[in-house]
Amino acid sequence: MQRNWIGRSVGAHIVFPIVGTPHQASPAPDPPSGRVPRGFPSVTRGEEDSLKVFTTRVDTLFGATYMVVAPEHPMTEALCGMGRCPAEGRRRIEEMLRTSKARRTDETAEKIGVDTGARCRNPATGEAIPIFVANYVVMDYGTGAVMAVPTHDQRDFEFAKKYNLPLRVVIQPPGGTLNAEEMRTAYVEDGALVNSGPFDGLSNRTAMEKMAGWLKDRGQGGPTVTYRLRDWGISRQRYWGNPIPVITCDGCGIKPVPESDLPVRLPEDAVFAAHGGNPLARVESFVRAACPDCGKPARRETDTMDTFVDSSWYFARYTDASNGRAPFDRSKADAWLPVDQYIGGIEHACLHLLYARFFHKVMRDLGLLSSDEPFTRLLTQGMVLLGGSKMSKSKGNIVDQDDMVEKYGADTVRLFILFAAPPEKDLEWNESGVQGCFRFLKRLWRLIDLIETEKRRNGETERSVYVKLQQTIRKFRGDVEGRFQFNTAIAACMEFLNVLEADRDVQSPKLQTQEIPGRDFLQSAKGAGGVGPAQRREAMKAILSLLSPFVPHIAAEGWRRLGLEGEAETASLPEADLSALDVDRVQIAVQVNGKVRGRIEIDAGAAEPDVARAALALPNVAQETSGRKIEKQIYVPRRLFSVVVR
RNA sequence: GCCGGAGUGGCGGAAUGGCAGACGCGCGGGACUCAAAAUCCCGUGGGGGUCACCCCUCGUGUGGGUUCAAGUCCCUCCUCCGGCACCA
């Protein structure tokens, strides 16, 4: 997406000499409305007698039959003067300039052109071609002037038809012949060059490179890369922001505040009003300043900087935040940066992320720090939606969490938000799942009750529960630390609690007296019959420690009630006992021709022949394989055994 | 049009190329209760079978391909979401 935003285009620039002498015409390339950036490369000193264009299709140069420039182009007025453009034409150019750029360049807007009357010379063909001013040409991209090739660019084609401009075919499609008079649309595909002097017969792809070089040799242009970095207005007419350290003096002009006077601090007595613009402008003590050059009374800039400015480099300042002499010390910045993990919404992917990278590279080039990139990893978190669109105050589609906190408690709400979806995914808000998290925490709490009141502190240890706990710890840490998958980490805790609760002692005394069909089966299946108080306590300690970041209040209180050392939130996360995860028996699936036909339990370290023997002995498998030839066997240790028959 | 991202049960969502649907919600059945809430137990993708146990079959937006094996890899198309868009 940034590539799109940066807008890199590879092409060539070409210089079109203007016919006649512009110096004799009205000089005035002073921008009519002040919108034109000064010093833009389209006109540099000594080049007022030519127009420079950028094109990605230099191969079509011989077909350029006219030229279009943006209304804001610095040469516009001079060209009109030279070409004796009638008043009517000049009036229409004025109108273009008055229309907002957004409206003027709207795709549906009518394409309007005005013939300036001036001409320039196509450096390839040498012929003089007309120069138009057109509303759809923008000054921010390329040079603000475009060579028009109506036969091979749809937009130019339509424009040429409208204003009756000449067409010349310079590319012929493979196996076909174009005729300019009969064309109904531009031909934009590849082909072989014609009407292109020394380049006739070349494929247009080959020609691109050759022609760029040819132009360069002749001093008429050369290969160029352009970028479409958008303007980003950093000044804001509001109080909250960094003052722009600039002073305007009537005599000396715009002057930077001397370094010794930095930083410029915001006044604390500004008066805020609903209307009336930037409050800073009304604080006279702030505005009044002495000119750094002549010392006479001058005005301080009252615009402040956009927050993007700060957020594009604050991470570097954080490495040395109390440094009073410099933004930060290089050694400290190099020790900490780049930032390991960036977390932000997708809306930052183009804007903040791009500008932060930009700033960072500038800081690198200035020698302030060494790293090339500010961030190493990116997590684009999803947004919370309601009714299909992003929750926001301005849209009014918000859910007040206070109601939910009131009803279920802050821990439940936190847990639910994390459990509902993985972080990078957008989440359509739906409260129905919150009950489930509430129930989970209530069950957890009940178990803490039980453990707290238990007198005995020893008892049996159930191996399968121990193993399950180790699996839970490993999964939890893997999910949280590696992938930010909080939802599955929480699910693992729920799963473990289910196992723990299957234990007879854990169930309520009332239920224990009842005959529940299937309960014995359940318990033996989960193997949770022999959990003793000590094991329960250990397990709870681990779970509380894991869950503490998500449900800090319950974890802290549970920790305290169990009389555990220290505090849940500062206790280090438990480490999984990896040796326990090396189970000796595993269940594997048995496939015949890719379909599961049965399961067997084997020693984890069993050799393939033994596995094969056991697998093929399964009735279902034997049935499928009987009388058929075994072509292939695949054994994925501890996972499955697959046999291919024919 | 271009650039991103996503399509899996009724829902939110799981699944290093290796038993699709973990966990939760919802729903159905049951226990407890005079009753309800809360709680607990069982079941829960579709279709089928000599439907207790069990087995077969279809199934991850569409159509193809690679593979012993595809939600996962490759190609085609469709839909939705986000961004950019007369960019020469």
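All values below were derived from every heavy atom in this structure, side-chain atoms included, with hydrogens, water molecules and symmetry-related copies excluded. A, B, ... follow the sequence lines: proteins, then strands. Residue 1 opens every chain.
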Which part of the nucleic acid, if any, lies within reach of [X] when heavy atoms closer than 4.0 Å are counted: base, sugar-phosphate only, or nothing?
{"X": "A:E495", "result": "sugar-phosphate"}
{"X": "A:T226", "result": "nothing"}
{"X": "A:Q154", "result": "nothing"}
{"X": "A:R483", "result": "sugar-phosphate"}

Distance between [atom1] atoms of [N] and [M] (Å, rounded):
{"N": "B:rC77", "M": "B:rC84", "atom1": "P", "answer": "26 Å"}
{"N": "B:rG63", "M": "B:rG71", "atom1": "P", "answer": "14 Å"}
{"N": "B:rC86", "M": "B:rC75", "atom1": "P", "answer": "30 Å"}
{"N": "B:rG48", "M": "B:rC41", "atom1": "P", "answer": "32 Å"}
{"N": "B:rU66", "M": "B:rC80", "atom1": "C1'", "answer": "29 Å"}
{"N": "B:rC42", "M": "B:rG47", "atom1": "C1'", "answer": "24 Å"}
{"N": "B:rU62", "M": "B:rU79", "atom1": "C1'", "answer": "10 Å"}
{"N": "B:rU16", "M": "B:rG64", "atom1": "P", "answer": "27 Å"}

A correct 5'-to-3' footprint of nucleotides 49-58 of chain B, with B, S and - meaning base, sugar-phosphate only and no protein heavy atom under 4.0 Å, is ------SSSS
[X]: partners by side chain to side chain contact (heavy atoms under 4.5 Å, CB included), with sequence neighbours left out:
{"X": "A:A612", "answer": "A:Q633, A:F641"}
{"X": "A:D115", "answer": "A:P130, A:F132"}
{"X": "A:S9", "answer": "A:F54, A:T56, A:Y141, A:T226"}
{"X": "A:R357", "answer": "A:Q2, A:K361, A:E373, A:P374"}

- Query: How far apart are the C-alpha atoms of A:T125 and A:L61, what are their side-chain angles, what is the distance that settles it, and do they pass the side chain to side chain contact (heavy atoms under 4.5 Å, CB included) test?
  - Reply: CA-CA 9 Å; A:T125 62; A:L61 172 58; over 6 Å; no
Given atom [atom1] of [X] and atom [atom2] of [N], what is their separation to the nearest angstrom?
{"X": "A:D479", "N": "B:rA22", "atom1": "CG", "atom2": "P", "result": "16 Å"}
{"X": "A:N593", "N": "B:rU67", "atom1": "CG", "atom2": "P", "result": "15 Å"}
{"X": "A:K632", "N": "B:rG18", "atom1": "NZ", "atom2": "C1'", "result": "14 Å"}
{"X": "A:I588", "N": "B:rG18", "atom1": "CD1", "atom2": "C1'", "result": "11 Å"}
{"X": "A:F484", "N": "B:rG13", "atom1": "CZ", "atom2": "P", "result": "20 Å"}
{"X": "A:N135", "N": "B:rC87", "atom1": "CG", "atom2": "P", "result": "13 Å"}
{"X": "A:D426", "N": "B:rG4", "atom1": "CG", "atom2": "P", "result": "18 Å"}
{"X": "A:F157", "N": "B:rA88", "atom1": "CZ", "atom2": "P", "result": "20 Å"}

Using a strict 4.0 Å threshold on nitrogen-to-oxygen distance, state whether [X] and [Y] make a salt bridge.
{"X": "A:E624", "Y": "A:K595", "value": "no"}
{"X": "A:D479", "Y": "A:K475", "value": "yes"}
{"X": "A:R446", "Y": "A:D449", "value": "no"}

| said: Should the side chain of A:Q435 and the base of B:rG24 be counted as holding a donor-acceptor pair, with the cut-off at 3.5 Å? | reply: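 Such a pair does not exist between side chain and base.
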Would you say the base of B:rC68 and the side-chain of A:S642 have a donor-acceptor pair closer than 3.5 Å?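 Per atom types, the contact qualifies.
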Syn or anti for B:rG26 (syn when the glycosidic angle lies within 90° of 0):
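B:rG26: anti glycosidic orientation.
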Enter syn or anti for the glycosidic conformation of B:rC51, syn applying to angles within 90° of 0.
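Base orientation relative to the sugar is syn.
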Would you mind telling me which of [options] lies closest to the side-chain atoms of [X]?
{"X": "A:T488", "options": "B:rG18, B:rA14, B:rC23", "result": "B:rA14"}
{"X": "A:R443", "options": "B:rG24, B:rA88, B:rC19", "result": "B:rG24"}
{"X": "A:Y141", "options": "B:rG13, B:rA88, B:rC23", "result": "B:rA88"}
{"X": "A:P422", "options": "B:rC19, B:rG13, B:rC86", "result": "B:rG13"}
{"X": "A:L640", "options": "B:rC23, B:rG18, B:rA14", "result": "B:rG18"}
{"X": "A:N498", "options": "B:rA88, B:rC23, B:rA15", "result": "B:rC23"}
{"X": "A:L427", "options": "B:rC25, B:rG12, B:rG18", "result": "B:rG12"}
{"X": "A:K442", "options": "B:rG13, B:rA38, B:rC19", "result": "B:rA38"}

Checklist entry - How do A:R57 and A:N487 order along RNA chain B: which one's closest nucleotide is nearer the 5' end? => result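 Taking each residue's closest nucleotide, the earlier one in sequence belongs to A:N487.
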Legend entry - Residue closer to the 5' end of RNA chain B, A:G436 versus A:E424 (nearest nucleotide):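 This one resolves to A:E424.
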Next on the checklist: As a test of your reading of the structure, name each stem of RNA chain B as range with range, where a stem is three or more consecutive Watson-Crick or G-U pairs at under 3.5 Å.
Outcome noted: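 Listed by first number, the stems are B:1-7 with B:78-84, B:10-12 with B:23-25, B:26-31 with B:39-44, B:45-49 with B:54-58, B:63-65 with B:73-75.
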Ignoring backbone atoms, test whether [X] places a side-chain nitrogen or oxygen under 4.0 Å from the OP1 or OP2 oxygen of [N].
{"X": "A:R439", "N": "B:rG26", "value": "yes"}
{"X": "A:K425", "N": "B:rG13", "value": "yes"}
{"X": "A:S9", "N": "B:rA88", "value": "yes"}
{"X": "A:N430", "N": "B:rG26", "value": "no"}
{"X": "A:R639", "N": "B:rA69", "value": "no"}
{"X": "A:R446", "N": "B:rC40", "value": "yes"}
{"X": "A:R155", "N": "B:rC87", "value": "yes"}

Can the ring centroids of A:Y136 and A:F159 be said to lie less than 6.0 angstrom from one another?
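Yes, the ring of A:Y136 comes within the 6.0 Å limit of the ring of A:F159, centre to centre.
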What is the minimum heavy-atom distance between [X] and [Y], and which atoms define it?
{"X": "A:G113", "Y": "A:Y163", "value": "N-OH, 2.9 Å"}
{"X": "A:N620", "Y": "A:R597", "value": "CB-O, 3.2 Å"}
{"X": "A:D426", "Y": "A:G382", "value": "OD1-CA, 3.2 Å"}
{"X": "A:P71", "Y": "A:M96", "value": "CG-SD, 3.7 Å"}
{"X": "A:D603", "Y": "A:R585", "value": "OD1-NH1, 2.7 Å"}

